[in-house]
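In this chain, residues are counted from 1 in sequence order. Small disclaimer: the values here were computed from a predicted structure and weren't measured.
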Amino acid sequence: MGKFSNYKELHRDRFGLQQKDFVHAENLARRSKFYSWDVQNHTHKDIVQLFVIWSGSGILTTTNGRKELHAPFIVFIPINTLHGFRFKEDSDGDLYSINAAFFEKELAQPPLNDQILKDLRHIEFQQSAHWQEIHFLNARIQTELSDINKNQQALTALLFLILLQLHRSTERTNKTSENLDQYTSQVQHFKRLVRSTIKNVSRVQDYASRMDISHVHLNRICHQVEQKNALQIIHELLIEETKEYLINSNFTIAEIAYLFHFKNPAHFTRLFKKIAGVTPKTFKQNTEH
């Protein structure tokens with residue numbers, strides 16, 4: 001049986017990130033030039049990352065696909081989250097690598113509860129007043145870090161305020177109407193239930209029962225929010241998780257199929273190709289180049 005593996009922090013040796021550091025700051029342009037502006041897909045098991053980008057653009061790659069982002073924007077990367085970047089050479093900003101244990105203890109406070117540790121977030125600001133506040137906070141962090149007597153409490157407070165702005169901006173973006181807010185919350189709850197049983201997913205009816213709603217209503221709200229039915233969402237979350245195993249573990253395709261309780265490897269291959277457009281074998285080969 002294969003062993004699941006996480007990538008080590010890509011920049012530790014080059015830029016001096018130590019395990020004992022609670023936060024490490026890097027200039028995006030300097031770091032990206034070292035990687036020719038292209039950071040391949042990887043995960044971090046010990047750190048979360050916050051990208052504050054004020055110029056240029058880039059393509060963020062996750063298990064959900066590729067997303068082009070234009071400055072100014074923020075990206076938050078939780079632990080164990082597959083991601084990669086391809087920045088244009090006019091891009092600039094700051095990257096903060098934060099010790100995960102410190103983050104959970106000091107920064108994941110209400111309203112930034114534990115869920116923020118699990119969700120990759122990104123948002124573009126288009127030079128709004130909210131971005132101006134984040135830009136100011138980021139400048140204050142840089143000033144504090146450059147001080148020989150830098151204050152950990154001040155840095156913690158400033159990082160919390162940036163994350164709070166990210167959280168609030170995300171909430172504002174997601175809220176389009178009172179009903180949609182409620183449906184979005186229910187769908188997110190549904191997704192969390194699916195993720196909690198991802199290696200042995202249940203029937204749509206079972207998840208609906210746990211949410212105290214009918215399976216008809218669950219399908220309706222899923223279609224309202226994501227234009228997909230509940231079973232499609234289950235399948236996409238399932239395949240999303242298997243992608244990480246294909247990329248970051250030594251499991252064979254057959255082992256992954258049985259690990260996630262598919263009837264057989266052929267069933268896994270058919271569903272994977274239906275969702276991802278390619279077979280698991282082709283997907284794995286493509287990620288190795």
Side-chain angles (χ1 to χ4, degrees), residues 4 6 43 45 48 62-65 67 76-83 100 103-104 108-123 163 166-167 170-249 251 255-264 267-268 270-272 274-276 280:
F4 186 79
N6 293 85
T43 63
K45 69 175 183 178
V48 300
T62 70
T63 54
N64 290 328
K67 173 68 175 178
F76 175 80
I77 309 289
I79 59 172
N80 297 322
T81 300
L82 186 72
H83 65 285
F103 181 92
E104 186 168 9
Q109 305 296 324
L112 307 180
N113 55 27
D114 290 344
Q115 191 58 35
I116 196 171
L117 280 170
K118 303 172 185 176
D119 293 338
L120 185 149
R121 302 186 180 204
H122 55 76
I123 191 164
L163 289 168
L166 173 61
H167 171 73
T170 303
E171 291 298 301
R172 283 190 295 267
T173 300
N174 290 339
K175 291 179 180 178
T176 58
S177 69
E178 184 176 346
N179 284 341
L180 188 55
D181 288 346
Q182 181 181 359
Y183 294 164
T184 300
S185 177
Q186 289 179 306
V187 171
Q188 292 305 315
H189 181 205
F190 167 57
K191 286 184 172 183
R192 287 194 293 272
L193 289 176
V194 175
R195 289 189 179 106
S196 72
T197 60
I198 197 66
K199 290 182 181 176
N200 191 13
V201 294
S202 301
R203 301 178 306 164
V204 172
Q205 293 91 326
D206 296 328
Y207 291 118
S209 178
R210 291 178 64 179
M211 296 172 66
D212 292 323
I213 59 177
S214 71
H215 72 277
V216 174
H217 182 63
L218 178 56
N219 274 313
R220 184 185 300 120
I221 64 175
C222 287
H223 191 271
Q224 180 76 19
V225 174
E226 301 208 0
Q227 294 75 53
K228 303 167 187 172
N229 63 39
L231 185 59
Q232 286 175 308
I233 290 175
I234 292 173
H235 285 166
E236 287 184 0
L237 291 174
L238 178 58
I239 296 306
E240 174 184 323
E241 187 71 14
T242 64
K243 285 180 180 179
E244 295 209 25
Y245 277 77
L246 286 167
I247 295 172
N248 291 324
S249 80
F251 286 119
E255 287 173 334
I256 294 172
Y258 291 120
L259 179 66
F260 286 87
H261 287 82
F262 285 91
K263 294 178 182 178
N264 50 56
H267 180 212
F268 171 45
R270 285 195 301 272
L271 182 61
F272 192 99
K274 179 180 178 181
I275 300 298

Do [X] and [Y] come close enough that some side-chain heavy atom pair is under 4.5 Å?
X    : Y    : result
P280 : T242 : no
Q232 : H223 : no
R203 : H215 : no
F190 : I221 : no
N248 : T43  : yes
L238 : L271 : yes
I77  : V48  : no

Using only atom types and a distance under 3.5 Å, with no angle test, would you say the side chain of [X] pairs donor to acceptor with the backbone of [Y]?
X    : Y    : result
H261 : V201 : no
S196 : L193 : yes
T184 : Q182 : no
N219 : A230 : yes
T197 : V194 : yes

Quick one: pull up [atom1] in [X] and [atom2] in [Y] and give me the separation to the nearest 0.5 Å.
X    : Y    : atom1 : atom2 : value
K228 : I233 : NZ    : CD1   : 6.5 Å
L163 : F76  : CG    : CZ    : 6.0 Å
I213 : R220 : CD1   : CZ    : 9.5 Å
K199 : Y245 : NZ    : OH    : 3.0 Å

Minimum-distance pair of heavy atoms, taken over all atoms of [X] and [Y]:
X    : Y    : result
F260 : I198 : CD2-O, 3.5 Å
N264 : H267 : OD1-N, 2.8 Å
C222 : N229 : CB-C, 4.1 Å
M211 : Q186 : CE-O, 3.2 Å
K263 : Y258 : O-CE2, 3.9 Å

Inset, instruction - Name the orientation class of the two ring planes belonging to F268 and F262 (parallel below 30°, tilted from 30 to 60°, perpendicular beyond 60°). - result: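 Correct class here is tilted.
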Legend entry - Electrostatic pair E226-K191, nearest N-O below 4.0 angstrom: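 A salt bridge links E226 with K191.
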Inset, instruction - Determine the sole option in N64, L82, T62 for which the side chain to side chain contact (heavy atoms under 4.5 Å, CB included) test with E240 is passed. - result: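 That would be N64.
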Inset, instruction - May I have the step-by-step check of side chain to side chain contact (heavy atoms under 4.5 Å, CB included) for F272 and K243, ending in yes or no? - result: CA-CA 9 Å; F272 192 99; K243 285 180 180 179; 3.9 Å; yes
Legend entry - H122 NE2: over 12 foreign heavy atoms closer than 6.0 Å: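 Counting other residues, nucleotides and ligands, NE2 of H122 exceeds 12 neighbours.
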Inset, instruction - Could you go through the side chain to side chain contact (heavy atoms under 4.5 Å, CB included) check for E241 and R195 one step at a time? - result: CA-CA 9 Å; E241 187 71 14; R195 289 189 179 106; over 6 Å; no
